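Presented below is the structure to which this report refers.
Just the heavy atoms: all of them, side chains too, but no hydrogens, waters or symmetry mates, feed the values below. Computed from a prediction, not measured in an experiment: that's the story for all the values here. Reminder, nothing fancy here: chain letters follow the sequence lines and each chain counts from 1.
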Amino acid sequence: MKTSQLLIPTLREAPGEAETVSHRLMLRAGLIRKVASGIYTYLPLGLRVIRKVEQIIRDEMNRAGAQELLMPMASPAELWKETGRWDFYGKELLRFKDRHERDFCLGPTHEEIITDLFRREVKSYRQLPLNFYQIQTKFRDEIRPRFGLMRGREFLMKDAYSFDRDDAGARENYQKMYDAYHRIFTRCGLTFRAVEADTGLIGGNSSHEFMVLAETGEETVVYTDSGTFAANVERADVLPPDSVENTASLPLRSVSTPNCRSIEEVTAFLKVPSHRLVKTLLYSTGKETVAVLVRGDHAVNEIKLKKALGVPEIELAGPATVEKATGAPVGFAGPVGLKGIRILADQAIPALKNVVVGGNQLDTHYIDANWGRDFTADQTLDLRNAQAGDPSPKKDGILKATKGIEVGHVFMLGTKYSQTMNATFLDAQGKECLAVMGCYGIGVGRSAAASIEQNHDDRGIIWPYPIAPFHIHLIPVSQSDKTNEMTVRLYAELQAAGFEVLWDDRDDRAGVKFNDADLIGAPFQVVVGDKGLAEGVVEVKVRRTGIKTRVTPTELIQHLRSAVPHVDAAPSSH
RNA sequence: CGGGGCGUAGCGCAGCCCGGUAGCGCGCCUGCUUUGGGAGCAGGAUGUCGGAGGUUCAAAUCCUCUCGCCCCGACCA
C-alpha cells in the first residue's frame, strides 16, 4: 500500500483526552478516532491491526475445533427475561424499543442467543460436543469508559460457547480453550498470565482470566513466585488468621477524636498502626443496611460481600443512612453498642485484641475494644481483598501483587443457562439431559491496546511482527529518478516475497517520514536514498532496536527473511 | 453516582479574574528556495468562542440553564 492511498492522520501532539500510552499512540499514529465516549472508528491502519488479531484468533479457535458463526447485535428482551438477566444486568445493558414498542437490547454478551439456538437445533448426544464462536461488536454501557479501546462501550470481542454431554466433556473443552488462549496471546506478542477469577455477571462455576501484565492495568493480580497460585484480587481467597493475639484484654475506653473520620486521621491522631483499627462500613443492599467490619489496613471485597449477602448490588450507605443507623455522622461508626442492623465481620476481626473502633458519636472512638466482650457480629467470614504480604491460600508462599489488563476470560458455566432456558438433549438411553456449557471471551481491541502498552518507546509504537499493520515501512528519502526506480522495484519485490509493505510515497522531507514511521511502528523500515544507492546499498532499520544495517538491494529479501524470527525477541525499552 | 476540570481554527493552547467585537504554535493552501531525522522566506484561508436564555449601549469574558468530554473517587466510616 502507498500512504497516498490510505488515510493515516498522524498527530504531532496527542489530543488532551488521551491519558494512557496506548490511547495516546493509537490516536497519534492514526489508528482510531473517537465518535462518542467509549465509541470509536477504526481507521485503515487500526483496522489492519484488528484484523491481524482476529485472524490469529480464528486460526487458533478453528484449530481447537470451534466453529465460527455470527449472532445479531440486537436481541429481544424475552430471551434475557428467561434467564433473569434483563433485570440482573443493570444499566450496562443498553435497552431500546422497536417501532412496535417491543423491548430489545444491544448484546453485551451472547449466552442467551446461543443457548436459544442450541435448544432449537440440537437434539441428540450424537451432535455433541459443540463449540461455537463469533467475532462481533458488543455493547456495554460502561459506568466509565476510558483509555481508548481499553474500556470502550462498543468493542470487538471474540466470544465462544461450548456445549457438552457432561462435566468431563466440558472440562475438556475448557482446557482446549485455555490452551488455545495461551497460543493466541503468545502469537500476539503479549506477556501475560492466566489467573483464577470471579465469574461476575456471566456466572458459572469457575473461571480464569488472561492478564497482560502492565502498569496501566485496571485489575490487580496476586500471585506467588512458585507459580502455583495466581488470582484476581476479586477472587483470591484469604486464609483465616492462624491464631488469636495473645495479649491481655484491657478495659474499654472512650476517647475524644476530634475530626478524625478516616483511618489515616485516626491512626495519626491516636498514634496507632492501621492494623490496630477495625473499620465499620455501612452498606445498603436495597432492602437493608448492614455493617461490615474489616481491619483498618484491609479493603472490603464487595464481590465476597455480595455473595455473603446473596444480593446482586450493594453500595456504601449515604450520610443519612449512616446517621440513622449509628446515630453519628459518617466517620464514627463502630460495632460497640450498634443495634438494629446486621453486622458482618471479616474473619480477621475475632483474632484481634484491644482495637480502636468508632464510637457511634461525633468525634469519638473507643480504644481497647475486644471481640466477644464489647462487640460481636452476626456472621464472621472472608470479606476482604487479598493483598501483597498475605500468605497464599494454596500455602505455597507469600503473595505478591501486580497490575494486569484482562484480555481474555474463560468460564465453566455448568448448567446455569441450559437450566433456565431448558437447553437439553437426549442421551444414549433416551433420557433428557442438560447441556453443560462453557464460554470464552477475548477483547480484540483491548488485546491490541495491551500490546502497545507492552511494546512502545518514546518515539511511538513497536508492533510485534504478527499483528503489525504492515511488516515493512518503505521510505524513499530522495526524489531522484534513481531512488524512485529502486523504490518501485523494491516495493514490487518485497510484496512478491510475501511482505506487507507500506510505501511512504508522500512528497515530504526525510525527517517527517522517519518520525511517522517510528510512530506507526512497523517492525522494519527500509530506507532508499541517493546517498546509499551511490554505494549500492539500502538501509534496513529494525524499529525495536533502532539498529540500522546497510544491504544491497539483491540481499534485501534474504536479509529480512532471516531477521524476521528475531525481530520481536529483543526487549523493548520497557 | 459523588467530586474536580475542560469545551475558543484540524491539533495543542492563550485570552475570561478586570466586558469594548479573537490570538499564538503546529497543521492546511499558493509561490520560490530547500530536500538522509518534524525546512526557510513571502503570501493566504479557516472560528455560529459547545448550545439556549438572561444582564448590558456592548458578552468568549458576568449570571442561569443545558449538552458534551476528560480525570479522580466510589476503601469515606
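Note: CG (A:Leu282) to P (B:A74) measures 17 Å, nearest angstrom. Protein atom CD1 of A:Ile303 is 14 Å distant from nucleotide atom C1' of B:A74, rounded to whole Å. One interatomic measurement links the two molecules: CZ of A:Arg459 to C1' of B:G37, which rounds to 7 Å at whole-angstrom precision. Rounded to an integer number of Å, the gap from CZ of A:Arg24 to P of B:G12 is 13 Å. Spacing between atom CG of A:Leu519 and atom P of B:C26 amounts to 20 Å, rounded to whole angstrom units. For the pair A:Ile520 CD1 and B:G38 C1', the computed distance is 13 Å after rounding to whole Å. Here B:C26 presents its C1' atom at 14 Å from CG of A:Asn515, a figure rounded to the nearest Å. A:Glu218 places its CD atom 13 Å from the P atom of B:A74, with the value rounded to the nearest Å.
In this structure, A:Lys541 reaches the bases: a heavy-atom distance under 4.0 Å links it to at least one base atom across the strands shown. Nucleic acid contact class of A:Ile475 (heavy atoms, under 4.0 Å, all strands): none. Residue-level contact check: A:Thr280 touches the bases, meaning some heavy atom is under 4.0 Å from a base atom. Counting any heavy atom pair closer than 4.0 Å across all strands shown, A:Arg28 reaches a base atom. Counting non-hydrogen atoms under 4.0 angstrom, A:Ala291 reaches nothing in the nucleic acid.
Look at B:C49: it lacks any Watson-Crick or wobble partner with both distances under 3.5 angstrom. Of all nucleotides present, none satisfies the Watson-Crick or G-U wobble test against B:A22 with each distance under 3.5 Å. The pairing partner recorded for B:C6 is B:G68, the criterion being a Watson-Crick or G-U wobble arrangement whose two distances lie under 3.5 angstrom. In this structure, B:A42 forms a base pair with B:U30, meeting either the Watson-Crick or the G-U wobble geometry with both donor-acceptor distances under 3.5 Å. The base-pairing partner of B:G36, taking Watson-Crick or G-U wobble contacts with both distances under 3.5 Å, does not exist among the strands shown. A 3.5 Å limit on both hydrogen-bonding distances identifies no Watson-Crick or G-U partner for B:U56. Checking B:A14 for Watson-Crick or G-U wobble geometry (two distances, each under 3.5 Å) identifies no partner in any strand.
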Practice item. Give the C-alpha distance, both sets of side-chain angles, the deciding distance and a yes or no for salt bridge (Lys or Arg N to Asp or Glu O under 4.0 Å) between A:Asp518 and A:Lys541. Key: CA-CA 10 Å; A:Asp518 286 347; A:Lys541 175 177 148 181; 2.9 Å; yes

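Ring geometry for A:Tyr465 versus A:His471: interplanar angle under 30°, hence parallel rather than tilted (30 to 60°).
Along RNA chain B, the nucleotide closest to A:Arg384 and the one closest to A:Arg12 are compared, and the more 5′ of them pairs with A:Arg12.
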Under 3.5 Å, which N/O atoms of the protein pair with N/O atoms of nucleotides 34-36 of chain B?
| residue | atom | partner | partner atom | Å |
| --- | --- | --- | --- | --- |
| B:U34 | O2 | A:Arg509 | NH1 | 2.9 |
| B:G36 | O2' | A:Lys531 | NZ | 3.0 |
| B:G36 | O6 | A:Gly529 | N | 3.4 |
| B:G36 | O6 | A:Gly529 | O | 3.2 |
| B:G36 | O6 | A:Gly532 | N | 3.0 |
| B:G36 | N2 | A:Glu539 | OE1 | 2.7 |
| B:G36 | N2 | A:Glu539 | OE2 | 3.0 |

Produce the list of close N/O pairs, under 3.5 Å, pairing protein atoms with atoms of nucleotides 68-71 of chain B; give distances to one decimal.
| residue | atom | partner | partner atom | Å |
| --- | --- | --- | --- | --- |
| B:C69 | OP1 | A:Ser37 | N | 2.9 |
| B:C69 | O3' | A:Lys34 | NZ | 2.9 |
| B:C70 | OP2 | A:Ser37 | OG | 3.0 |

Between protein and nucleic acid, restricted to nucleotides 8-10 of chain B and to nitrogen or oxygen atoms under 3.5 Å apart, what atom pairs and distances do you find?
none

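With B:G37, B:A74, B:A77 as the choices, the nucleotide that has an atom nearest any side-chain atom of A:Ile143 turns out to be B:A74. Taking the side chain of A:Glu13 as heavy atoms from C-beta on, and the options B:G12, B:A77, B:A74, the nearest nucleotide is B:G12. For A:Glu302, taking side-chain heavy atoms from C-beta onward, the closest of the listed nucleotides B:A77, B:G12, B:A74 is B:A74.
By the 4.0 Å N-to-carboxylate-O rule, A:Glu500 lies close enough to A:Arg48 to be salt-bridged with it. Residues A:Asp457 and A:Arg543 are paired through a salt bridge, judged by an N-O separation under 4.0 Å between the basic side chain and the carboxylate.
Under a cut-off of 6.0 angstrom, the local environment of CD in A:Glu315 is sparse, with at most 12 non-hydrogen atoms contributed by other residues, nucleotides or ligands. More than 12 heavy atoms of other residues, nucleotides or ligands lie within 6.0 Å of CD in A:Glu245, so this atom counts as buried by the packing criterion. Counting heavy-atom neighbours within 6.0 Å of A:Lys271 NZ, excluding the residue itself, gives a total of 12 or less.
For the C1' atoms, the distance from B:U48 to B:G7 is 15 Å, rounded to whole Å. The same atom, P, is picked in B:G2 and in B:C65; the two are 15 Å apart, to the nearest Å. For B:G5 and B:C11, the P atoms lie 24 Å apart once the distance is rounded to whole Å.
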